[in-house]
Protein chains: 2
Amino acid sequence: MAQNRTVSKATEDFGGLRMTKQRQAVYDVLSDLGPQHPTAAEVFVTAKERMPSISLATVYNCLETLTGAGAIKQVNIDREASRYCPNLQPHAHFYCTGCNQVFDIGLERGADAESVWSLPAGCRVEEMHVAMRGICGRCPNCSTAAKS
Amino acid sequence: MAQNRTVSKATEDFGGLRMTKQRQAVYDVLSDLGPQHPTAAEVFVTAKERMPSISLATVYNCLETLTGAGAIKQVNIDREASRYCPNLQPHAHFYCTGCNQVFDIGLERGADAESVWSLPAGCRVEEMHVAMRGICGRCPNCSTAAKS
DNA sequence: AACCTTTTTTAGAATAGTTCTTGATCTAAA
DNA sequence: TTTAGATCAAGAACTATTCTAAAAAAGGTT
C-alpha cells in the first residue's frame with residue numbers, strides 16, 4: 001500500500017519538531033503540489049482527502065508550526081489569503097494576473113536582493129519579502145494578452 | 001484660521017479624479033502624517049477630527065479610489081491591516097519589530113530592484129512590492145536590542 | 001501494560017479588517 | 001431646475017484567521 005518514495009519527504013527533523021501524522025500530511029500536500037502555492041483552504045481540501053478526520057484548524061496549526069520551525073514559508077501577496085511553499089531557497093514570488101498562479105523567482109547568480117536598497121546605518125534586516133504582479137507570458141490567458 | 005500652506009497639497013488632479021472634500025481630507029491626513037504609514041482606522045481617527053461627519057466606509061472608499069488613481073500607494077506587510085503612503089517614488093518598506101513602525105527605503109543610486117531576479121523570458125512585471133522586517137537601530141527599543 | 005503529564009487535535013465560536021448594501025446627499029450637466 | 005450619475009453614511013455581511021475548551025494522542029516512568 002505504502003508507495004516507495006525515492007525522494008526523502010522531510011522525515012528530517014526541523015528544529016526538533018515532532019512530526020505528527022497531521023503535520024506530515026500537511027507538509028506532504030505542500031511538497032506534492034510542487035511549484036504551486038496553495039492557500040490553507042486548498043491544503044485542507046487535499047489533506048482531507050488523504051486524512052478525512054483532519055480539521056481546518058489543524059491545517060492552520062500545522063502550517064503555523066511548520067512555518068515557525070522553518071520547514072515551509074508563508075507567502076503573502078496583497079491582502080489575499082496566505083499561501084504556503086516548501087521552497088526554502090531565497091526567492092521572490094510572481095503573481096500572474098492572467099492565470100492567478102504564484103510562481104517562485106530565483107535570484108540571479110551572485111546577486112543580492114538587499115544591496116539595491118539604501119538601508120540606513122544600524123538597520124538590520126531579518127526577513128525580506130519580494131512580490132511581483134504581472135503576466136507570466138506562459139499561461140493561455142497571458143499569451144493572448146502578450147500578443148496585443 | 002486656515003494656515004498658509006507653501007507646499008502644494010495635491011490639488012493637482014490625479015487622472016481626472018474628482019477631488020471631493022472627503023478625498024482631499026483623507027489625502028491630507030496621509031500627507032500630513034509624513035513618513036508614517038497609517039492604517040485605514042488611523043486615517044479615520046484623524047480625518048474624523050477634521051471632518052466629524054466622515055465615516056469609516058468613506059475612508060476605505062477614498063483610500064481605494066486614491067490608490068486606483070495612483071495618488072497614493074497601499075502597503076501590505078504580512079496579513080496586518082493595510083497601510084497607505086503618499087510616496088510615489090519606487091521604494092521598499094521596512095517594518096521595525098522594535099518600534100512597530102513602517103519606514104520607506106529608497107533605491108540605491110542607479111540600482112534596479114528587478115534586475116537581481118531571474119525572471120523567465122516573456123514575463124512582464126507590472127508591480128513590485130518589497131517588504132523587510134527587522135530592527136531599525138534608531139528607536140528606543142532597537143538601541144537596547146542593538147547593544148546586546 | 002498502566003499511569004500520568006504534556007502536546008496536539010477537533011469543532012465551533014469569536015475576531016478583525018474589509019467590503020457590500022441601501023438609501024440619502026451631492027455634483028455637474030442639460 | 002431637473003435629471004442622471006457619482007459619492008457618502010451607517011450598519012450589515014463577509015472572509016480569512018485565531019481562539020477556546022474539551023477530547024484524543026504521544027511520550028516517559030514505573
Side-chain angles (χ1 to χ4, degrees), chain A residues 11 13-30 37-69 71-85 95 100 102 131, chain B residues 11 13-30 37-69 71-84 95 100 102:
Chain A
T11 313
D13 78 324
F14 285 108
L17 183 70
R18 189 194 283 175
M19 252 308 173
T20 65
K21 281 182 213 155
Q22 288 84 349
R23 286 174 187 164
Q24 186 72 56
V26 165
Y27 183 87
D28 286 352
V29 167
L30 223 51
H37 294 71
T39 62
E42 286 162 357
V43 170
F44 176 55
V45 168
T46 309
K48 199 165 181 75
E49 285 169 9
R50 305 180 182 180
M51 179 186 278
S53 71
I54 205 169
S55 76
L56 179 56
T58 298
V59 169
Y60 272 106
N61 272 341
C62 293
L63 290 170
E64 189 190 340
T65 309
L66 289 165
T67 303
I72 63 175
K73 280 188 173 175
Q74 188 181 36
V75 180
N76 291 300
I77 293 190
D78 296 346
R79 299 217 85 245
E80 288 178 9
S82 289
R83 293 167 180 275
Y84 299 85
C85 82
Y95 175 72
N100 235 279
V102 175
Chain B
T11 313
D13 78 324
F14 286 107
L17 182 71
R18 190 195 283 174
M19 251 310 174
T20 64
K21 280 181 212 155
Q22 287 85 350
R23 286 175 187 164
Q24 186 71 55
V26 166
Y27 183 87
D28 287 353
V29 168
L30 222 51
H37 294 73
T39 62
E42 286 162 356
V43 170
F44 176 56
V45 169
T46 309
K48 199 162 180 76
E49 285 169 9
R50 304 180 183 181
M51 180 187 276
S53 70
I54 205 169
S55 76
L56 178 58
T58 297
V59 169
Y60 271 105
N61 271 342
C62 293
L63 290 170
E64 189 189 341
T65 309
L66 289 165
T67 303
I72 62 174
K73 280 188 174 176
Q74 188 180 38
V75 180
N76 291 299
I77 293 191
D78 295 344
R79 298 217 86 245
E80 288 178 10
S82 289
R83 294 167 180 274
Y84 299 85
Y95 175 72
N100 235 278
V102 175

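Below, read A as the first sequence line, B as the second, and so on, with proteins coming before strands; counting in each chain starts at 1.
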Round to a whole Å and report the spacing from [atom1] of [X] to [atom2] of [N].
| X | N | atom1 | atom2 | value |
| --- | --- | --- | --- | --- |
| B/Arg83 | C/dG17 | CZ | P | 11 Å |
| A/Gln24 | C/dT8 | CD | C1' | 16 Å |
| B/Lys21 | D/dA9 | NZ | C1' | 14 Å |
| B/Met19 | C/dT27 | CE | P | 15 Å |
| B/Met51 | D/dT7 | CE | P | 15 Å |
| A/Glu64 | D/dT18 | CD | C1' | 9 Å |
| A/Glu42 | D/dA16 | CD | P | 10 Å |
| A/Ile54 | D/dA24 | CD1 | C1' | 14 Å |

Heavy atoms only, 4.0 Å cut-off, all strands: where does [X] land among base, sugar-phosphate and nothing?
| X | result |
| --- | --- |
| B/Thr20 | sugar-phosphate |
| A/Ser82 | sugar-phosphate |
| A/Asn61 | base |

Can you identify which nucleotide, out of [options], has its nearest atom closest to the [X] side chain?
| X | options | result |
| --- | --- | --- |
| A/Ala40 | C/dT8, D/dA10, D/dT17 | D/dT17 |
| B/Ser53 | D/dA16, C/dT9, D/dA9 | D/dA9 |
| B/Ala57 | D/dC8, C/dT10, D/dG11 | D/dG11 |
| B/Tyr60 | C/dT10, D/dA16, C/dG17 | C/dG17 |
| B/Arg79 | D/dA9, D/dT17, C/dT18 | D/dT17 |

> Is the backbone N or O of A/Arg83 less than 3.5 Å from a side-chain atom of A/His37, with the two atoms forming a donor-acceptor pair by type?
Replying inline: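 Not confirmed, A/His37 side chain does not pair with A/Arg83 backbone.
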>> Check whether B/Arg79 reaches the backbone of A/Glu80 with its side chain - one donor and one acceptor, N or O, closer than 3.5 Å.
In response: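 Between the backbone of A/Glu80 and the side chain of B/Arg79 there is a qualifying donor-acceptor contact (under 3.5 Å).
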>> Please give me the minimum heavy-atom distance between B/Phe44 and B/Ser55, naming the atom from each residue.
In response: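 Scanning both residues, the minimum pair turns out to be CE1-C, 3.4 Å.
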> How far apart are the closest heavy atoms of B/Ala40 and B/Leu56, and which atoms are they?
Replying inline: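 Shortest heavy-atom separation between B/Ala40 and B/Leu56 comes out as O-CD1, 4.4 Å.
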Does a side-chain N or O of [X] approach OP1 or OP2 of [N] to a distance below 4.0 Å, or not?
| X | N | result |
| --- | --- | --- |
| A/Gln22 | D/dA25 | no |
| A/Arg18 | D/dA26 | no |
| A/Ser55 | C/dT9 | no |

> Can you check whether B/Met19 reaches B/Leu66 side chain to side chain, under 4.5 Å on heavy atoms?
Replying inline: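 Sidechains of B/Leu66 and B/Met19: in contact.
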> Tell me, do A/Gln22 and A/Asn61 make a side-chain contact under 4.5 Å, heavy atoms counted?
Replying inline: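 Result no, sub-4.5 Å side-chain heavy-atom pair not found.
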> Between the two end axes of the helix from C/dA1-D/dT30 to C/dA30-D/dT1, each built from 5 base pairs, what angle do you get to the nearest 10°?
Replying inline: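 The angle, to the nearest 10 degrees, is 30°.
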>> Between A/Ile54 and A/Glu49, does the side-chain contact (heavy atoms from CB on, under 4.5 Å) criterion hold? Intermediate values first, please.
In response: CA-CA 9 Å; A/Ile54 205 169; A/Glu49 285 169 9; over 6 Å; no
> Quick one: which of A/Asn76, A/Thr67, A/Thr39 gives a side chain to side chain donor-acceptor pair (under 3.5 Å) with A/Ser82?
Replying inline: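 When side chain to side chain donor-acceptor pair (under 3.5 Å) is applied between A/Ser82 and each of A/Asn76, A/Thr67, A/Thr39, only A/Asn76 qualifies.
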> Which sits closer to the 5' end of DNA chain C, A/Cys62 or B/Glu80, going by the nucleotide each is nearest to?
Replying inline: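 Upstream on the strand: A/Cys62.
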